[in-house]
Engineer: 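Dumping the structure here so I can ask a few things about it.
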2 protein chains.
Amino acid sequence: MGSTAKEETRIADALCKAVLERRLAPGSKLPEEELAQIFRSNRAKIRRVLLSLSRYHIVTLEPGRGAFVSRPSPQEARDVLASRRLIEVSLLANPHRSLSAEGAERLRKIMAQEAKAHADHDAAAMIHTSGQFHLTLIEELGNTVIKNIIEELILRMSLIITLYERHNTTCCLSSDHNDLLDLLLAEKHAKASALMARHLEGIESCLDFHREPASTTILSQILKPV
Amino acid sequence: MGSTAKEETRIADALCKAVLERRLAPGSKLPEEELAQIFRSNRAKIRRVLLSLSRYHIVTLEPGRGAFVSRPSPQEARDVLASRRLIEVSLLANPHRSLSAEGAERLRKIMAQEAKAHADHDAAAMIHTSGQFHLTLIEELGNTVIKNIIEELILRMSLIITLYERHNTTCCLSSDHNDLLDLLLAEKHAKASALMARHLEGIESCLDFHREPASTTILSQILKPV
DNA sequence: AGCCTGAACATTGTAAACAATCATGGTTGA
DNA sequence: TCAACCATGATTGTTTACAATGTTCAGGCT
């Protein structure tokens, strides 16, 4: 996510990645000094990064207390889900432009990575490539602005899933992606849109807003020392 | 737009308001020291505000050169327009919930303010209330997350309109709002959605991406000295 | 025993001084 | 006359130290 300086981008990306892959649990405290050591940076830069991330609702700043990984409320969770569904579903129904050949190629490459991650049982890679598929799709059919919006929503969804995922369920089936691409190439917008709606509803149905685990994590074990 | 501290919110809001009402021209430089004096604040806080606003694409930070009011490129302009249209139109077609009685009441009040601003020939108030109408509508039919997204897009649209508005045209006709409310209360989603599409397309048709005026402004005359 | 209180510690927030970078205007030379 | 160049001033970027706030833990009181 575009920061100004290079080093800050690095740090922000590392934090976002940790959130995306659900290594960083919602509610975790993010002490400035500790982060500065982990990333071999200084407090000022960490501070800027945290402020930036707070704008994306990934981090919550509590004045006088510090920064924490956000814990979206059930209401916020529902709103994020609904917003993402609204945007992705309607973009597939009314794409700004149809899928180009090179776009399809990009998507296929990502699907190959997905398959590999699945074969390797690499959970982090699976989440990452799955998100990448959605983002690339949005970018091909829509534009950069919408892509950025969805990018933020996907990050927030990671927090939501970590918080509210019902155990015993296997969320996020990725077999849909194949069908989705076929429908898009066949220009069957209505069907593609409906499939996307089901796809996202599938994720929602795996959530349970009654429980709120407070699992906090220890940073240094999670954020690799650069 | 929610900042952490109170004073910073005040400053950010003042800047956003100036952008929204098109007093702050795209490209204007925003020197830290000068802003600090205008808002009787200090550089550190101004700096935080500018960083925040840069995350909303309202301000562009150029390393070593400082902060400037963003100048969206024609491409970015088109993308912002398209994104806003996508979201607003599809939300009206598939609202998350139907308009409540109190929601209608809120909208009516805003429309009254719009009428007053129109009667007074108060351009700033007209822009402000018009935006408020859209935002309230989105919030009633959708949720807070979508509202925040649209809020940012409306701000960016202010910059775009300032940059690319074709003169001799009267953009943003507000007579549509009345009809829109009627259609919504009658639960005529398809018609409401179509009207919104036309409404937003009307704005787009007033833009001309060929000219790029570089009008820069002087801050102290525009930002009231608190 | 449980809880309130207060002091010591740790962390965040703020300010100011310093360093680095960029815009400027004037000078020099062809 | 014009262009390139250097010196100067202004603005941004970074670091440091210090102030304010929150947290924790020990001790004493009820």
Side-chain angles (χ1 to χ4, degrees), chain A residues 2-12 15 24-55 57-71 214-223 226, chain B residues 2-12 15 24-55 57-71 214-223 226:
Chain A
S3 279
T4 303
K6 205 166 50 177
E7 188 179 355
E8 290 170 25
T9 311
R10 196 193 91 226
I11 299 171
L15 286 171
L24 250 184
S28 307
K29 184 149 201 300
L30 299 171
E32 302 176 354
E33 191 60 49
E34 193 175 345
L35 288 176
Q37 285 179 2
I38 290 175
F39 291 110
R40 305 210 202 295
S41 184
N42 53 42
R43 265 185 68 205
K45 278 178 187 141
I46 295 294
R47 188 165 259 268
R48 292 241 296 270
V49 170
L50 292 175
L51 180 59
S52 285
L53 293 182
S54 79
R55 301 287 122 181
H57 302 94
I58 305 305
V59 158
T60 300
L61 300 180
E62 296 187 20
R65 295 198 57 233
F68 301 81
V69 180
S70 295
R71 293 175 56 106
S215 60
T216 302
T217 45
I218 293 156
L219 290 191
S220 52
Q221 301 175 355
I222 285 157
L223 302 169
V226 184
Chain B
S3 279
T4 302
K6 206 166 50 174
E7 188 179 355
E8 289 170 25
T9 312
R10 196 192 91 227
I11 299 172
L15 285 171
L24 252 184
S28 306
K29 182 149 203 299
L30 298 172
E32 301 176 355
E33 191 60 51
E34 193 175 346
L35 288 175
Q37 287 179 359
I38 291 176
F39 290 110
R40 306 213 200 293
S41 183
N42 53 44
R43 265 184 68 204
K45 280 180 187 139
I46 296 294
R47 191 163 255 270
R48 294 244 300 266
V49 170
L50 292 174
L51 179 59
S52 285
L53 292 182
S54 80
R55 301 288 123 181
H57 302 94
I58 304 304
V59 157
T60 300
L61 299 180
E62 296 187 20
R65 295 199 55 234
F68 301 81
V69 180
S70 295
R71 292 175 58 107
S215 60
T216 302
T217 46
I218 294 155
L219 291 190
S220 52
Q221 302 175 353
I222 285 156
L223 302 169
V226 186

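Every value quoted in this text rests on a predicted model; they were computed, and no experiment measured them.
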Engineer: Looking at CG of Leu35(A) and CZ of Arg47(A), how far apart are the two atoms once the value is rounded to the nearest 0.5 Å?
Structural biologist: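 Here the rounded value is 12.0 Å.
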Engineer: When the distance from CG of Leu61(A) to P of dG22(D) is rounded to whole Å, what number comes out?
Structural biologist: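 In whole Å, dG22(D) P and Leu61(A) CG are 15 Å from each other.
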Engineer: With sequence neighbours left out, what residues match Ala67(A) under side chain to side chain contact (heavy atoms under 4.5 Å, CB included)?
Structural biologist: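 Testing Ala67(A) for side chain to side chain contact (heavy atoms under 4.5 Å, CB included), a comparison that skips the adjacent residues, returns Leu30(A), Leu50(A), Val59(A), Leu61(A).
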Engineer: Do NZ/NE/NH1/NH2 and the carboxylate oxygens of Glu8(B) and Lys45(B) come within less than 4.0 Å?
Structural biologist: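 Judged by the 4.0 Å cut-off on N to carboxylate O distance, Glu8(B) and Lys45(B) do not form a salt bridge.
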Engineer: Rounded to the nearest Å, what distance is computed from the CD1 atom of residue Ile46(B) to the P atom of nucleotide dA16(C)?
Structural biologist: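 One finds 15 Å between P of dA16(C) and CD1 of Ile46(B), rounded.
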Engineer: Supply the atom-to-atom distance Ile46(B) CD1 to Ile38(B) CD1, rounded to the nearest 0.5 angstrom.
Structural biologist: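 CD1 of Ile38(B) is found 8.5 Å from CD1 of Ile46(B).
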Engineer: Report the distance from atom CG of Leu51(A) to atom P of dG13(C), rounded to the nearest whole Å.
Structural biologist: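 Rounded to the whole Å, the gap is 11 Å.
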Engineer: Not counting sequence neighbours, which residues clear side chain to side chain contact (heavy atoms under 4.5 Å, CB included) with Glu33(A)? List them please.
Structural biologist: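 Gln37(A), Arg43(A).
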Engineer: Do Thr60(A) and Arg71(A) have side chains that approach each other closer than 4.5 Å (heavy atoms only, starting at C-beta)?
Structural biologist: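 A side-chain contact is absent here, since even the closest heavy-atom pair is not under 4.5 Å.
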Engineer: Report each atom pair, protein N/O against N/O of nucleotides 9-12 of chain C, whose distance is under 3.5 angstrom.
Structural biologist:
{"from": "dT12(C)", "atom 1": "OP1", "to": "Lys29(A)", "atom 2": "NZ", "distance (Å)": "3.1"}
{"from": "dT12(C)", "atom 1": "OP1", "to": "Glu32(A)", "atom 2": "N", "distance (Å)": "3.4"}
{"from": "dT12(C)", "atom 1": "OP2", "to": "Glu32(A)", "atom 2": "N", "distance (Å)": "3.3"}

Engineer: Please work out if Ala44(B) contacts a base, only the sugar-phosphate, or nothing of the nucleic acid, heavy-atom cut-off 4.0 Å.
Structural biologist: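 No contact.
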Engineer: Below the 4.0 Å mark, does dT15(D) have OP1 or OP2 next to a side-chain nitrogen or oxygen of Asn42(A)?
Structural biologist: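 Yes, within the criterion.
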